[in-house]
2 protein chains.
Amino acid sequence: MNSHSDDGLRARKRAATRSTIERAALSLALEHGYDKVTVDAICEASMVSQRTFFNYFGSKEGVILGSAPPMPTDADVDAFVHAAGGDVLGDLVLLMAAAVADHEPDRDLLRSRRVLIQRTPDLMNREIARMTELQNGLVAMVLARLRASGRADSTDLVEEARMVVTLAGSVMRYCMEQFFSGSAAGSPREVLERALALVRRITDGGEHG
Amino acid sequence: MNSHSDDGLRARKRAATRSTIERAALSLALEHGYDKVTVDAICEASMVSQRTFFNYFGSKEGVILGSAPPMPTDADVDAFVHAAGGDVLGDLVLLMAAAVADHEPDRDLLRSRRVLIQRTPDLMNREIARMTELQNGLVAMVLARLRASGRADSTDLVEEARMVVTLAGSVMRYCMEQFFSGSAAGSPREVLERALALVRRITDGGEHG
DNA sequence: CACTTTCGTGCAGTTACTGTAATTTTATTG
DNA sequence: CAATAAAATTACAGTAACTGCACGAAAGTG
């Protein structure tokens, strides 16, 4: 019938309501603060039942934080594992950054999310928690790379992998804070590189103590 | 009247109920899992009203996690700031470890907490969040030390301080995981030292790429 | 023994969230 | 196009964490 881009009516309607709820939630939270806004208020503003809200977003936090960063694709993992020998930490950070980066096409929405996360401790904590969950899935990957680099398998190697992931998480958290607080200068890539350089400088500090 | 250690009857009763509730909560959670246990159940088991429970612990998580790690004392801060020149990261980790360490005299309770935190993602996240909050108060302290080391004040210096704290948080998280999962070998101090050495080894990896 | 302060409690209410079953809306098929 | 399947939306009832408030009981004090 009507000319429409691609999917069926169903999918389009779904996307529309999702977007409506999202916008309502972010707008209300920006105006009144996250904890002052009730789910009921969001539902009223977006003309949906509470049950529908939870069908879409699962939780009040969910609508603000947006979808969780996806695990890297198999191709990404493969590339990472077999880029043996180089800078494990740097490569991992790049990989994680790629996973976190895009993923939200709408710039305004993204900015709203960031503002809210930054000014709401609860949300900040949840965001960090999500990152932590992502990390857990990454240990195996790093371990594979260490093995591929010819490192002998051992308990120590597992610990090393865990630490690599933890450190990468640090760098990510640091960069995210910089982004969220708006004090980031230069391209994301540059920020990452600077953060990595900073890490190396700091950890060198105790070497010759 | 009756011979008693020190404080008034009031304080002793308070400590007793607190302990009763704590034990009931931990025992129930260990047996049935944290999320299967309701606050009502804990109250019934410890013969207190729900209102009293919340007066004591503020939240369901609160009774499991125990009291939050306190900020270091002024004396600690002073010592840290003026131990200039050495290994900032290492010293900070030691300081944070001291804050987190003791603080719970009862060994059994401590072990119960650890087990529960480890097996309950929600609790783990909250614990990490608490650590993160602690971190925020530490940036100023690190900054003071960097300044005391003769470093010129600048935006970069603030960023460096933040990164030092973030890294220290990483090391702490890593060690906490090791402790919680029971795979820690040796004294806490040794575990910390090994973790720090590991960090240095890893961050050296990209230097000569 | 009065008197004050602190504690514990009951109760009503708010908010996030879940399960279920009915109802409406969209897609498919004969 | 009508019958029907599939999926979305809804109302409703219920659970569980948590808060504010006001009242009575216990403990400290002179």
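Below, read A as the first sequence line, B as the second, and so on, with proteins coming before strands; counting in each chain starts at 1.
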Self-check item: Residues within residues 14-24 of chain A bordering DNA chain C, heavy-atom distance below 4.0 Å
Solution: none

Exercise. Encode nucleotides 22-30 of chain C as B, S and - characters from 5' to 3', where the letter depends on protein heavy atoms closer than 4.0 Å: B to the base, S only to sugar-phosphate, - to neither.
Key: ---BBS---

Quiz item: Is a salt bridge present between Glu61(A) and Arg130(A), judged by a nitrogen-to-oxygen distance below 4.0 Å?
Solution: no

Quiz item: When you check the phosphate oxygens OP1 and OP2 of dT9(D), does a side-chain N or O of Tyr56(A) lie under 4.0 Å from one of them?
Solution: yes

Quiz prompt | Pair Glu159(B)-Tyr174(A), side-chain donor/acceptor within less than 3.5 Å | solution = yes

Exercise. Identify whether the distance between the nearest side-chain nitrogen and carboxylate oxygen of Asp87(A) and Arg200(A) falls below 4.0 Å.
Key: yes

Quiz item: With no hydrogens and no angle check, is any side-chain donor or acceptor of Arg147(A) less than 3.5 Å from a backbone partner on Asp153(A)?
Solution: no

Quiz prompt | Lys36(B)/Glu31(B) salt bridge by N-O under 4.0 Å criterion | solution = no

Practice problem: Using side-chain contact (heavy atoms from CB on, under 4.5 Å) as the criterion, list what pairs up with Val39(B), not counting sequence neighbours. | Solution: Cys43(B), Gln50(B), Phe53(B), Phe54(B), Lys60(B)

Quiz item: To the nearest Å, how far apart are Arg12(A) CZ and dA8(D) P?
Solution: 15 Å

Quiz item: Considering residues, nucleotides and ligands other than Met71(B), do more than 12 of their heavy atoms fall under 6.0 Å from its CE?
Solution: yes

Quiz item: Contact class for Phe57(B) vs. all strands (heavy atom < 4.0 Å): base, sugar-phosphate, or nothing?
Solution: nothing

Quiz item: Within the structure, does a side-chain N or O atom of Thr52(B) lie under 4.0 Å from either OP1 or OP2 of dG8(C)?
Solution: no

Quiz item: In terms of side-chain geometry, is the basic nitrogen of Arg194(A) or Glu190(A) positioned less than 4.0 Å from the acidic oxygen of its partner?
Solution: no

Quiz item: What string of B, S and - do you get for nucleotides 12-24 of chain D, 5' to 3', when a contact is any protein heavy atom under 4.0 Å?
Solution: ----SSBBBB---

Quiz item: Between Thr17(B) and Thr20(B), is any side-chain donor less than 3.5 angstrom from a side-chain acceptor?
Solution: no

Quiz item: Is the closest side-chain donor-acceptor distance between Asp76(B) and Thr73(B) under 3.5 Å?
Solution: yes

Self-check item: Five-pair end axes of the helix from dG8(C)-dC23(D) to dG30(C)-dC1(D), angle between them (10°)
Solution: 10°

Quiz prompt | Side chains of Glu160(B) and Arg151(B) in contact at under 4.5 Å (non-hydrogen atoms) | solution = yes

Self-check item: 4.5 Å side-chain heavy-atom contact, Ile202(B) and Val88(A)
Solution: no

Self-check item: Met176(B) and Met131(B), any side-chain heavy atoms less than 4.5 Å apart
Solution: yes

Quiz item: Should Asp106(A) and Arg23(A) count as an ion pair when the cut-off is N to O under 4.0 Å?
Solution: yes

Quiz item: Contacts to DNA chain C from residues 62-69 of chain B, heavy-atom cutoff under 4.0 Å, which residues?
Solution: none

Quiz item: Are there more than 12 heavy atoms of other residues, nucleotides or ligands under 6.0 Å from atom CD of Glu133(B)?
Solution: yes

Exercise. Round to a whole Å and report the spacing from CD of Glu44(B) to C1' of dT9(C).
Key: 16 Å

